[in-house]
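Values below: every heavy atom of this structure, side chains too, minus hydrogens, waters and symmetry copies. When a ligand or atom number is given, it counts from 1 through the structure's own listing order.
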Amino acid sequence: MPLLIDGKATAAQIKSEIAQEVATLVAEGRKRPHLAAVLVGNDGGSETYVKNKVLACEACGFESTLIRFEDTVSETELLAKIDELNRDENIDGFIVQLPLPRHIDTDKVIEAIDHRKDVDGFHPINVGRLAIGLPCFISATPLGILTLLRRYGIETAGKHCVVVGRSNIVGKPMVQLMLQKEHGNATVTCIHSYTQDVAAECRKADILIAAIGRPGYITADMVKPGATVIDVGTTRVPDNSRPSGFRLSGDVDFNTVAPIAGAITPVPGGVGPMTICMLMLNTLAAGKKTYYR
Ligand code: GUN
């Protein structure tokens with residue numbers, strides 16, 4: 001069987017490292033990092049993510065503030081809150097949980113966030129700085145994946161990395177991160193809905209990263225024996241045997257792919273916990289003013 005990449009344990013380890021660093025900061029008389037999260041509406045997935053972000057802040061010794069709006073909130077009201085958070089010196093970084101209701105322009109909201117507080121790394125300034133290799137906040141899921149590869153000693157330099165999916169928050173920044181000389185330093189292919197012969201492209205991968213949100217999409221015939229397989233998928237599929245009524249399903253058909261992979265992330269317990277953990281690392285950097293004064 002392959003090496004099982006344990007994101008839950010790695011995230012717990014990193015959060016305890018962050019908590020130690022925060023304890024040192026506070027002992028030196030410096031401020032605790034403070035993250036604010038803006039949640040619009042009552043989407044079940046978003047509620048869970050934001051709750052887990054607040055809990056992670058507690059584990060790291062950060063301050064956190066949750067700001068809730070009804071899903072009827074106007075774009076103007078939301079932009080006014082963002083302006084307030086941008087100016088609030090007590091807030092080091094903040095996020096606006098996505099997706100937003102359809103009547104709100106998500107791009108406009110993201111652009112309204114001060115890039116120096118954009119711990120999600122979604123602002124065009126952070127996206128652009130990542131692309132040209134300048135210090136910046138990096139989107140948490142791609143950063144979590146690179147961190148897992150590093151901590152498990154999986155070589156990326158000179159390897160062939162195939163990213164399946166081209167979303168702004170995972171696929172595209174993952175491509176950039178794996179491409180950068182100072183990060184992944186890999187040869188990178190990005191697969192999308194217009195790619196011809198997806199299976200043949202995927203089989204070239206030493207590192208295959210699936211981020212399309214289609215349960216079980218990656219099957220054994222698409223994987224080179226010994227490859228590292230990273231599963232970003234977390235689709236909720238109905239499951240009446242669970243108290244919640246659903247389970248999380250990855251983009252990789254784990255049972256058939258695991259026997260031929262060299263290393264693989266499970267769902268849940270793989271990439272998911274690392275995403276929140278990297279948001280904490282970005283918040284620590286925001287508190288310390290590591291990237292921007
Ligand atoms: N929705 C899904 N993932 C994310 C994320 O990483 N940040 C925010 N703000 N919203 C999300």
Side-chain angles (χ1 to χ4, degrees), residues 7 11 14-15 35-57 62 64-69 71 73 75 78-79 81-82 85-86 91-102 104-115 117-127 130 136-148 165-174 176-177 209-214 230-236 248-251 267-268 270-286:
I14 294 173
K15 278 188 283 187
L35 175 74
V38 178
L39 176 60
V40 180
N42 302 95
D43 173 75
S46 294
E47 292 265 3
T48 305
Y49 288 133
V50 170
K51 187 181 85 191
N52 288 335
K53 289 171 186 179
V54 170
L55 289 172
C57 283
F62 296 169
S64 68
T65 299
L66 173 57
I67 298 147
R68 300 192 70 127
F69 287 104
D71 60 6
V73 68
E75 190 177 278
L78 189 56
L79 292 172
K81 176 54 76 176
I82 290 171
L85 292 169
N86 284 341
I91 303 283
D92 297 298
F94 66 97
I95 63 153
V96 178
Q97 187 66 27
L98 305 179
L100 291 170
R102 292 237 303 273
I104 293 174
D105 182 341
T106 301
D107 292 334
K108 203 165 160 183
V109 167
I110 290 172
E111 277 200 82
I113 298 171
D114 184 331
H115 70 279
K117 293 191 176 189
D118 168 40
V119 285
D120 261 333
F122 293 171
H123 191 284
I125 291 179
N126 282 312
V127 174
L130 171 63
C136 63
F137 292 113
I138 299 173
S139 182
T141 300
L143 188 58
I145 291 168
L146 188 68
T147 303
L148 276 179
R166 56 174 159 180
S167 70
N168 286 346
I169 69 175
V170 183
K172 283 184 204 149
M174 191 77 242
Q176 292 295 348
L177 201 57
I209 301 174
I212 45 166
R214 286 172 61 175
I230 305 291
D231 191 347
V232 185
T234 50
T235 307
R236 287 182 167 197
L248 294 182
S249 177
D251 290 347
V267 174
V271 173
M274 290 300 289
T275 296
I276 292 187
C277 179
M278 293 300 110
L279 176 66
M280 299 299 114
L281 214 48
N282 282 347
T283 304
L284 178 63

For atom 3 (N) of ligand 1, the closest protein heavy atom turns out to be Ile169 CD1, 3.8 Å
Taking atom 10 (N) of ligand 1 as the reference point, the nearest protein heavy atom with its distance: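 I find the closest protein heavy atom is Leu98 N, 3.0 Å.
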Report yes or no: does Asp251 contribute a side-chain atom to a donor-acceptor pair with the main-chain N or O of Ile212 at less than 3.5 Å?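 Present.
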Relative to the heavy atoms of Phe122, which atoms of ligand 1 are at a distance of less than 4.0 Å? 5 (C), 6 (O), 7 (N), 8 (C), 9 (N)
Do [X] and ligand 1 have an N or O pair less than 3.5 Å apart?
| X | result |
| --- | --- |
| Gln97 | yes |
| Pro99 | no |
| Ile95 | no |

Do [X] and [Y] come close enough that some side-chain heavy atom pair is under 4.5 Å?
| X | Y | answer |
| --- | --- | --- |
| Met274 | Ile145 | no |
| Ile138 | Gln176 | no |
| Ile14 | Met280 | no |
| Lys117 | Leu85 | no |
| Leu100 | Val109 | yes |
| Thr275 | Val232 | no |

Within reach of ligand 1, part of [X] (heavy-atom separation under 4.0 Å):
| X | result |
| --- | --- |
| Leu279 | neither |
| Lys53 | side chain |
| Asp120 | side chain |

